[in-house]
Number of protein chains: 2
Amino acid sequence: MKRRRSIRSAAKSAGGNGAAGKALALGQLDRHLGYFLRRLQLWVFQDFIATLRPMRVRPAQYSVLLVIAANPGRSQAAIGQMLDVERARLARMLHELERRRWVARRSNGADARSHSLYLTGEGEKALGKITRLAERHEARFAAHVGGRRHAQLMALLREFG
Amino acid sequence: MKRRRSIRSAAKSAGGNGAAGKALALGQLDRHLGYFLRRLQLWVFQDFIATLRPMRVRPAQYSVLLVIAANPGRSQAAIGQMLDVERARLARMLHELERRRWVARRSNGADARSHSLYLTGEGEKALGKITRLAERHEARFAAHVGGRRHAQLMALLREFG
DNA sequence: TATTGTTATACTCTATAACTATA
DNA sequence: TATAGTTATAGAGTATAACAATA
């Protein structure tokens, strides 16, 4: 993934003007949990994208594939609400996943408006490879924050989520 | 902020096809800390943006204003590296902040290439209002996840960050 | 040669609105 | 009237590349 220096090391080498060498202060940012959350979340997405690059899968696509796999036959509306993906965005994502022959849409007998979503055989196979890469990412994530902190965060956020 | 239903309630009402009413499974997503992190981070940004709407300030702008306030006179390069904002993006953000008379750029005597960044008087005044709204957001955040969890997350992530 | 700041392009994600076909 | 899906547009954020001025 793209190399990211820690706040401290970045600040240390951030010279180039009159105040060169003095570490930058976070200021009030230090009181905002959202700031730290955002930084970690960016790290995660960057590592995920880099790790999954061989399969050309983005985080949002990955989550859609997993939820279809776990809930075959459900509608776009159901998947979208579950993951908080706008239906407009999901429609275009599914076109792309259909183009790659990973997802199939079948018409739903009970309601002609809705499509039932399934993984194709090819999609299942691809998801196997994708899952192995995703596990590698998760391991790297745990190593990055420390296994203990990773577990603590998981417990805190999963119980909440 | 924009109303977001919980995973559970969204799943409950996600009907409309043959499997209507059955809650959707997270599948392997349940094993990814990044998924829960992302969901919480989205909540935070949406609440932040909604709370700060009266001042028309986005999270990235807010972080830049705070870091300039805490480190007056530093260069764009220093601020950008500190916050991991691309210099190209920061240049355009600063144009906008300059247009609103919140930030001033002065040339740096020691290095004619770099600009020293400062808040204007108007900028300080605006930041005062912004900070009060941001505190309201942070309180809402703590209420959302629970005060105890908010503190635990802050401790975990700040120590790490 | 490398760095600071700028402009430009392209892609992703988010947020809307408008449209169709069904219900 | 409301819902499922589609198409289109606009605004952010991210990632590059190329450039001028300066170091």
Side-chain angles (χ1 to χ4, degrees), chain A residues 1-4 13-18 20 38-39 41-46 48-50 52-53 56-64 74-81 83-96 98 103 105-117, chain B residues 1-4 13-18 20 38-39 41-46 48-50 52-53 56-64 74-81 83-96 98 103 105-117:
Chain A
M1 68 166 293
K2 198 186 148 206
R3 194 55 193 100
R4 161 167 307 191
S13 61
N17 63 14
R38 172 67 173 164
R39 287 194 76 100
Q41 196 268 315
L42 279 178
W43 187 95
V44 168
F45 265 33
Q46 284 171 358
F48 185 93
I49 291 166
L52 277 284
R53 183 145 297 151
R56 298 266 154 204
V57 174
R58 314 263 315 171
Q61 292 175 313
Y62 174 67
S63 68
V64 166
R74 303 302 297 253
S75 68
Q76 295 183 199
I79 304 291
Q81 280 167 26
L83 290 171
D84 279 311
V85 176
E86 291 289 330
R87 61 194 177 147
R89 167 116 192 87
L90 186 59
R92 273 177 306 182
M93 274 185 50
L94 288 172
H95 287 155
E96 170 66 12
E98 216 171 9
V103 165
R105 286 191 256 210
R106 299 193 209 137
S107 56
N108 181 330
D111 187 337
R113 292 172 303 179
S114 76
H115 303 161
S116 297
L117 301 173
Chain B
M1 69 167 294
K2 195 185 151 207
R3 194 58 191 97
R4 162 169 306 192
S13 59
N17 63 15
R38 172 69 173 161
R39 286 194 77 99
Q41 196 267 315
L42 278 179
W43 187 95
V44 169
F45 265 34
Q46 284 170 359
F48 185 94
I49 291 165
L52 278 283
R53 183 145 297 151
R56 297 269 155 203
V57 174
R58 315 264 315 172
Q61 292 175 313
Y62 175 66
S63 67
V64 166
R74 303 303 296 254
S75 68
Q76 293 183 202
I79 303 292
Q81 280 167 25
L83 290 172
D84 279 311
V85 177
E86 292 287 329
R87 60 194 177 147
R89 167 114 192 88
L90 186 59
R92 271 176 308 181
M93 274 184 51
L94 288 172
H95 286 155
E96 170 65 12
E98 216 172 9
V103 165
R105 288 191 257 210
R106 299 192 208 139
S107 55
N108 180 331
D111 186 338
R113 292 173 304 180
S114 76
H115 302 161
S116 297
L117 301 174

Please determine, for the side chain of [X], which listed nucleotide ([options]) has the closest atom?
X: A:Glu86; options: C:dA15, D:dT7, C:dT12; result: C:dA15
X: A:Arg89; options: C:dG5, C:dC13, D:dA23; result: C:dC13
X: A:Arg113; options: C:dA8, C:dA21, D:dA23; result: C:dA21
X: B:Ala91; options: C:dT4, C:dT7, C:dT14; result: C:dT7
X: A:Arg58; options: D:dA17, C:dC13, D:dG5; result: C:dC13

For [X] and [N], what is the distance between atoms [atom1] and [atom2] respectively, to the nearest whole Å?
X: B:Asn108; N: C:dT3; atom1: CG; atom2: P; result: 17 Å
X: A:Phe48; N: D:dT14; atom1: CZ; atom2: P; result: 18 Å
X: A:Leu42; N: D:dA15; atom1: CG; atom2: C1'; result: 13 Å
X: A:Arg53; N: C:dT12; atom1: CZ; atom2: P; result: 12 Å
X: B:Phe45; N: C:dC13; atom1: CZ; atom2: C1'; result: 13 Å
X: A:Leu90; N: C:dT16; atom1: CG; atom2: C1'; result: 17 Å
X: B:Glu98; N: C:dT6; atom1: CD; atom2: C1'; result: 13 Å
X: B:Arg74; N: C:dG5; atom1: CZ; atom2: C1'; result: 17 Å

**Message:** Nearest 0.5 angstrom please: B:Arg58 CZ to B:Arg56 CZ, how far?
**Reply:**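 Those atoms lie 10.0 Å apart.
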**Request:** Measure the CZ-CZ distance between A:Arg38 and B:Arg38 for me, rounded to the nearest 0.5 Å.
**Result:**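 Those atoms lie 7.0 Å apart.
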Closer than 4.0 Å, any side-chain N/O of [X] to the OP1 or OP2 of [N]?
X: B:His95; N: C:dG5; result: no
X: B:Arg92; N: C:dT7; result: no
X: A:Gln46; N: D:dA15; result: yes
X: A:His115; N: D:dA4; result: no
X: A:Arg105; N: D:dT6; result: yes
X: B:Gln76; N: C:dT3; result: no

**Prompt:** Is there a donor and acceptor pair, one atom on the side chain of A:Arg87 and one on the base of D:dG5, closer than 3.5 Å?
**Reply:**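 Yes.
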**Comparing B:Ala88 and A:Gly109 on DNA chain C - which has the more 5′ nearest nucleotide** = B:Ala88
**Earlier contact from the 5' end, DNA chain C, for A:Gln61 and A:Ala112** =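 Residue closer to the 5' terminus by nearest nucleotide: A:Gln61.
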Side-chain contact, heavy-atom cut-off 4.5 Å: [X] with [Y]?
X: A:Glu86; Y: A:Arg92; answer: no
X: B:Asp84; Y: A:Arg39; answer: yes
X: B:Gln76; Y: B:Arg87; answer: no
X: B:Glu98; Y: B:His95; answer: yes

